[in-house]
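Data first, discussion second: the structure below is written as structure tokens.
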There are 2 protein chains.
Amino acid sequence: MDDAKYDILKLDNQLCFPLYAVSKEIVRRYQPLLDPLDLTYTQYITMMVMWEKKCVTVKELGEKLYLDSGTLTPVLKKLESKGYVTRTRSKDDERNLMVTLTDSGEALKDEALEVPLKLSGCVNLSPDDAKTLYVLLKKLLTSF
Amino acid sequence: MDDAKYDILKLDNQLCFPLYAVSKEIVRRYQPLLDPLDLTYTQYITMMVMWEKKCVTVKELGEKLYLDSGTLTPVLKKLESKGYVTRTRSKDDERNLMVTLTDSGEALKDEALEVPLKLSGCVNLSPDDAKTLYVLLKKLLTSF
DNA sequence: TGCGATTAGATTGTACACAATTAAATTGAA
DNA sequence: TTCAATTTAATTGTGTACAATCTAATCGCA
């Protein structure tokens, strides 16, 4: 009798743990690809939104990235110091901080093109499996 | 012509981003369940290994948790200060730090039993989908 | 109109996470 | 045997994450 009731506490029986471990591992694999762009992973996903939107508030960024101002403020100050974005208060509503892509930030987009291509080499999943994984994760994400 | 070549840089087309976002969100949902145990998520998964193994080296912990000593050393010192584990050098090989579960740490196991049960209420996936997700993540994890 | 409630972002404090380096113990081949 | 290479943790430095709190701006209703 080896107390099977504790089985639910085994690392191997958790769904969240592989999620957490895989996520960290992939972020870790992004880093060498991002080094030439002088970006961390968090800065990179922030730039992805900027490349699409050109100009957004911190609130909008937070909603897209699932990050709060406590995380974004230092990230955006860093991106500003690198010259990739500017931070200015909105004239309409001084509470809103407008984050705007600079020319230098826009130029980075071309260099970034090879990042997803190179990364896919690090993820050993068939296209079908990748698709299934993507759909399940999206389903979870939108359920929050 | 809207430069479809940049589509691979859209947040919505990334596999890694939902992985990263879902992982963070679930860890965030663990926290209120772990507060009564005075554990963070990282401390919790560390305790999961301890509950199974009773005594392990930092190296073994790192391999199971995909964490290095830079992360584990402070976590283990914290768990030691809470009285859940002890840290002693191995007699055989002084390089190895033996992390050992205390009675107090063992006692915590019973309190922890309800954590996975309560958490499953936060994850809106059918058993089939959860199983599929688990298998895919495990496949990825073992491919690293 | 005035003021309490709300909102957006910044700040503070705690806790990871990881690369790079350091230090001590052990190993192993000349 | 000895000492260079390896191994294990700890340390240092940077960068997130997030809860809680704070501040300033705006909103909305009595």
Side-chain angles (χ1 to χ4, degrees), chain A residues 16-17 20-35 37-47 56-82 85 87-99 144, chain B residues 17 20-35 37-47 56-63 65-82 85 87-99 144:
Chain A
C16 182
F17 176 69
Y20 156 87
V22 168
S23 166
K24 276 193 309 134
E25 191 61 26
I26 296 188
V27 168
R28 214 174 60 75
R29 277 153 198 259
Y30 262 107
Q31 208 46 66
L33 309 179
L34 294 175
D35 282 343
L37 310 193
D38 190 24
L39 292 177
T40 63
Y41 180 72
T42 311
Q43 292 163 13
Y44 173 63
I45 59 176
T46 303
M47 289 305 292
V56 287
T57 63
V58 172
K59 180 181 162 64
E60 288 173 298
L61 265 177
E63 284 164 357
K64 282 189 177 299
L65 299 174
Y66 299 84
L67 293 172
D68 67 9
S69 70
T71 303
L72 283 174
T73 296
V75 168
L76 292 170
K77 284 181 177 174
K78 199 85 193 194
L79 289 175
E80 184 180 45
S81 79
K82 296 183 197 209
V85 302
R87 297 162 66 248
T88 48
R89 289 285 163 181
S90 163
K91 289 275 187 288
D92 293 348
D93 185 338
E94 292 273 348
R95 287 172 306 182
N96 291 309
L97 186 78
M98 307 306 300
V99 183
F144 290 148
Chain B
F17 176 69
Y20 156 88
V22 168
S23 165
K24 275 192 309 133
E25 192 60 26
I26 297 188
V27 168
R28 214 174 60 74
R29 276 152 198 261
Y30 261 108
Q31 207 46 65
L33 308 180
L34 294 175
D35 282 343
L37 310 192
D38 190 24
L39 292 178
T40 62
Y41 180 72
T42 311
Q43 291 164 14
Y44 173 64
I45 59 176
T46 303
M47 289 304 292
V56 287
T57 63
V58 171
K59 180 182 163 62
E60 288 173 296
L61 264 177
E63 284 165 354
L65 299 175
Y66 298 85
L67 293 172
D68 68 8
S69 70
T71 301
L72 283 174
T73 295
V75 168
L76 292 171
K77 285 182 176 174
K78 198 86 193 194
L79 288 175
E80 184 179 45
S81 78
K82 297 184 195 205
V85 302
R87 298 163 64 248
T88 48
R89 290 284 163 183
S90 163
K91 289 277 186 289
D92 292 349
D93 185 339
E94 292 273 347
R95 287 172 306 181
N96 292 309
L97 186 78
M98 307 306 299
V99 183
F144 291 148

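Counting any heavy atom pair closer than 4.0 Å across all strands shown, T42(B) reaches sugar-phosphate atoms only and no base atom. Q43(B) comes within contact range of the sugar-phosphate backbone alone, with a heavy-atom separation under 4.0 Å but no base atom that close. Counting any heavy atom pair closer than 4.0 Å across all strands shown, L72(A) reaches no nucleic acid atom. Using a 4.0 Å heavy-atom criterion, one finds that T40(A) contacts the sugar-phosphate atoms exclusively. Looking at heavy-atom distances under 4.0 Å, V75(B) makes contact with sugar-phosphate atoms alone, never a base.
Remark: P of dA19(D) and CG of L34(B) are 13 Å apart, rounded to the nearest angstrom. Rounded to whole Å, the distance from CG on L79(A) to C1' on dG15(D) is 12 Å. Taking atom CD1 of I26(A) as the reference point, atom C1' of dC18(C) lies 17 Å away to the nearest angstrom. Between L76(A) atom CG and dA8(C) atom P the separation is 16 Å, expressed in whole Å. The nearest whole Å value for the distance from the NZ atom in K24(B) to the P atom in dA17(C) is 12 Å. Atom-to-atom, CG of L67(A) to C1' of dG9(C) comes out at 14 Å; the value is rounded to the nearest Å. The distance from atom CZ of R28(A) to atom C1' of dA20(C) is 14 Å, rounded to the nearest whole Å. Atom-to-atom, OH of Y41(A) to C1' of dC16(C) comes out at 18 Å; the value is rounded to the nearest Å.
Comparing dG15(D), dT8(D), dA17(D) by their nearest atom to the side chain of N96(B) picks out dT8(D). Distances were taken from every side-chain heavy atom of L97(A) (C-beta onward) to each of dA10(D), dA8(C), dA10(C); the shortest belongs to dA10(C).
Listed by residue number, the members of residues 59-66 of chain A with any heavy atom below 4.0 angstrom from DNA chain C are K59(A).
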Anything under 3.5 Å between a protein N or O and an N or O of nucleotides 20-26 of chain D, put it in a table, one pair a line.
| unit_1 | atom_1 | unit_2 | atom_2 | d |
| --- | --- | --- | --- | --- |
| dT26(D) | OP1 | E94(A) | N | 3.0 |

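We find that R28(A) and E25(A) are joined by a salt bridge, their nearest charged nitrogen and carboxylate oxygen being less than 4.0 Å apart.
Here the side chains of L79(B) and L39(B) are in contact, with some heavy-atom distance below 4.5 Å. Between M98(A) and T57(A), the closest side-chain pair of non-hydrogen atoms falls below 4.5 Å. Contact check for L72(A) versus L65(A): side-chain heavy atoms found under the 4.5 Å cut-off. Using a 4.5 Å heavy-atom threshold, the side chains of L67(B) and V75(B) count as separate. With a 4.5 Å cut-off on side-chain heavy atoms, V85(A) and T46(A) do not count as touching.
In this model, the phosphate group of dA17(C) is not approached by any side-chain N or O of T71(B) to a distance below 4.0 Å at OP1 or OP2. Look at R89(A) and you won't find any side-chain N or O under 4.0 angstrom from OP1 or OP2 of dG9(C). For the OP1/OP2 pair of dA17(C) and a distance below 4.0 Å, the side-chain nitrogens and oxygens of Y20(A) include at least one atom meeting the criterion. Taking 4.0 angstrom as the limit, K77(B) places none of its side-chain polar atoms (N or O) nearer than this to OP1 or OP2 of dC16(C).
Looking at every heavy atom in both residues, S23(B) comes nearest to S23(A) through CB-CB, 3.9 Å.
Of the possible donor and acceptor atoms, one in the side chain of K24(B) sits under 3.5 Å from a partner among the backbone N and O of Y66(A).
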